[in-house]
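Just so we're on the same page: letters track the sequence lines, and every chain starts at 1.
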There are 2 protein chains.
Amino acid sequence: MSEENKSGIPLPTIRRLPLYASILFNARDGKQTTISSSYIAKELGLEPIQVRKDLAGIGITGQPRIGFPVVELIEAIEKFLGWDNTSDAFIVGAGNLGAALAGYPGFKKHGLNVVALFDCDYSKIGSKIHDKEVFDIERMGHLTERLGVSIGILAVPAEVAQAITNLMVDAGIKAIWNFTPTKLLVPNGIIVERVDLAASLAVLSSKLTAAIKGKKSN
Amino acid sequence: MSEENKSGIPLPTIRRLPLYASILFNARDGKQTTISSSYIAKELGLEPIQVRKDLAGIGITGQPRIGFPVVELIEAIEKFLGWDNTSDAFIVGAGNLGAALAGYPGFKKHGLNVVALFDCDYSKIGSKIHDKEVFDIERMGHLTERLGVSIGILAVPAEVAQAITNLMVDAGIKAIWNFTPTKLLVPNGIIVERVDLAASLAVLSSKLTAAIKGKKSN
DNA sequence: TAGATTGTTAATCGATTAACAATC
DNA sequence: TAGATTGTTAATCGATTAACAATC
């Protein structure tokens, strides 16, 4: 038990919530107080009924003829996704990608606060990247405990991904956002979510191949 | 028509192919000539039958009692995903993320060759990032045509994502790998695949919330 | 041969979509 | 009221999984 998505809300729905949020932010900025499922759907290329199902999932109901309350919806999504109370996170690996993630301005809005980076390269340790200090990875255990950090963003070379993951788990990290192409082995209870660039690129190129074939056969 | 995944292979299968490839590379390095679906499945936390279905999809059959031929499988996956003949690509946006992507060593293996970057910041134009030149975005149309590039990697700030996309489409880019949080509007026939960090983070935090709740209720 | 592993065919499962009554 | 938009209930769809005969 406790291996599965406990909230009862389908994962595809959860993935769409940030998209809804962005439409809703625009609506709020435009002083709209209500919004219809068909408007949201049109903006995102979805079906209205899917939008309604998804929104019902996080407990917001609309009013027939009126639509959904914009602000209430925003608050419900922010609460559900934890955007309202920020979690601290470490970035592990201060290379190209780690540095880019440290400078990414969007995380704050999404409830993620990067407090520090870790690396094992002495030329980086002690320096600052985007105003965040790079610590010796040896100190991760100590700092994880002291600062109560539970999220680690893994941005190291693939070759050392598993070894560094082990260090993160030992350090007390509970959730790993994995930017490496490695399928990580972790103990029960540790959460891993991978940003799978290879999968995304595979989809892109298969679409491209299909498009070219489609054109040729016309 | 031609809007859908024409290859007939389900998208989830396509996303798993790179995972299979990584297991197969290991097997080949270990001089294994055959591999069973249950071994692959165990390594990836999948069901053996799912692995067999997926592999059947790309046209490779195994032998009862023996398993699947490692090298043949690798070649089939590489061919299907276009890893065997490299496509050139531009990175548009030479900021933190664009620079990190320009230095990412994995693209070559996945059939993607970054030939140049584009930006509109004159302090960057003319410089080199990871040995790749940064060009004025004004020249994108010219260079897209001259070099026959069809893939653009979009790594600009969200605010300008749509505007730069329009430039890319005008320049002749056929497929956009979108690293921004923006849902892009593109003409028919232009392919967009988005790396949706917000969706991934949403899944991570909902899992984390569920895990904490689960623990509390125990 | 015996047994491991395959491919095929059918069942299940979960998400999406359709139909439509309810309602502001 | 009339009509737009909702929520509910049921149907569809596609992917996953199960059962099992085929086969090396």
Side-chain angles (χ1 to χ4, degrees), chain A residues 1 3-17 19-20 23-24 27 32-70 72-73 76 196 199 202-203 206-207 210, chain B residues 1 3-17 19-20 23-24 27 32-70 72-73 76 196 199 202-203 206-207 210:
Chain A
M1 62 215 78
E3 180 74 329
E4 272 305 315
N5 171 32
K6 263 291 173 52
S7 66
I9 296 179
L11 238 43
T13 296
I14 290 172
R15 279 189 246 271
R16 283 188 292 267
L17 291 179
L19 298 174
Y20 298 154
I23 304 294
L24 290 163
Q32 263 180 270
T33 56
T34 60
I35 194 167
S36 72
S37 61
S38 48
Y39 178 82
I40 296 174
K42 187 166 58 65
E43 289 290 304
L44 296 171
L46 306 172
E47 296 297 323
I49 178 63
Q50 184 170 54
V51 174
R52 273 177 272 149
K53 262 271 162 77
D54 286 345
L55 298 183
I58 56 164
I60 301 298
T61 58
Q63 283 186 309
R65 176 111 178 96
I66 309 291
F68 293 83
V70 171
E72 210 176 306
L73 255 186
D196 196 341
V203 171
S206 76
K207 282 181 188 168
Chain B
M1 63 214 78
E3 180 75 329
E4 272 306 315
N5 170 33
K6 262 291 173 51
S7 65
I9 296 179
L11 239 44
T13 297
I14 291 172
R15 280 189 245 270
R16 283 187 293 266
L17 292 179
L19 299 173
Y20 298 154
I23 304 294
L24 291 163
Q32 264 180 269
T33 56
T34 61
I35 193 167
S36 72
S37 61
S38 48
Y39 178 82
I40 296 174
K42 187 166 58 65
E43 290 290 304
L44 296 171
L46 305 173
E47 296 296 323
I49 178 64
Q50 184 170 54
V51 174
R52 272 177 271 148
K53 262 272 163 76
D54 285 346
L55 298 183
I58 57 164
I60 300 299
T61 58
Q63 283 186 308
R65 175 109 178 98
I66 309 291
F68 293 83
V70 171
E72 209 175 306
L73 255 186
D196 194 341
V203 171
S206 75
K207 282 182 189 168

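- In this structure, the separation between CD1 on A:Ile35 and OH on A:Tyr20 is 11.5 Å, given to the nearest 0.5 Å.
- Atom CG of B:Leu17 is separated from atom C1' of D:dA15 by 15 Å (rounded to the nearest Å).
- Taking for each of A:Lys53 and A:Arg65 the nucleotide of DNA chain D with the nearest heavy atom, the 5'-most of the two is the partner of A:Arg65.
- Atom CD1 in A:Ile35 sits roughly 16 Å away from atom C1' in D:dA4 (whole-Å rounding).
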Pairing string, 5' to 3', for DNA chain D - Watson-Crick or wobble contacts under 3.5 Å, brackets [ ] where pairs cross, | to another strand:
..||||||||||||||||||||||

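- When the side-chain nitrogen and oxygen atoms of B:Ser37 are compared with OP1 and OP2 of C:dT6, one or more of them lie within a distance under 4.0 Å.
- The phosphate of C:dG7 has neither OP1 nor OP2 within less than 4.0 Å of any side-chain N or O from B:Arg52.
- At least one side-chain heavy atom of B:Tyr39 sits under 4.5 Å from a side-chain heavy atom of B:Ile23.
- Rounded to whole Å, atom P of C:dA22 lies 16 Å from atom CD1 of A:Ile49.
- The distance from atom CG of B:Asp54 to atom C1' of D:dA15 is 10 Å, rounded to the nearest whole Å.
- Rounded to an integer number of Å, the gap from CD1 of B:Ile60 to P of C:dG7 is 10 Å.
- At the heavy-atom level, A:Ser38 lies nowhere under 4.0 Å from the strands shown.
- Counting to the nearest Å, the C1' atom of D:dT5 and the CD1 atom of A:Ile40 are 13 Å from each other.
- Nearer to the 5' terminus of DNA chain C, by closest-nucleotide assignment, is the contact made by B:Ser36 (compared with the other of B:Ser36 and A:Ile66).
- Atom-to-atom, CZ of A:Arg15 to P of C:dA15 comes out at 11 Å; the value is rounded to the nearest Å.
- One atom, CD of A:Glu47, and another, C1' of C:dT17, lie 7 Å apart when rounded to the nearest Å.
- Where A:Pro64 and B:Gln63 each meet DNA chain C at their nearest nucleotide, the meeting point lying more 5' is that of B:Gln63.
- Contacts of B:Thr13 with the nucleic acid, taken as non-hydrogen atoms under 4.0 Å apart, are absent.
- The distance from the CD1 atom of A:Ile40 to the CG atom of A:Leu73 is 6.0 Å, given to the nearest 0.5 Å.
- For C:dT16, one of the phosphate oxygens OP1 or OP2 lies less than 4.0 angstrom from a side-chain nitrogen or oxygen of A:Gln50.
- Considering only heavy atoms from C-beta on, A:Leu44 stays 4.5 Å or farther from A:Val51 through its side chain.
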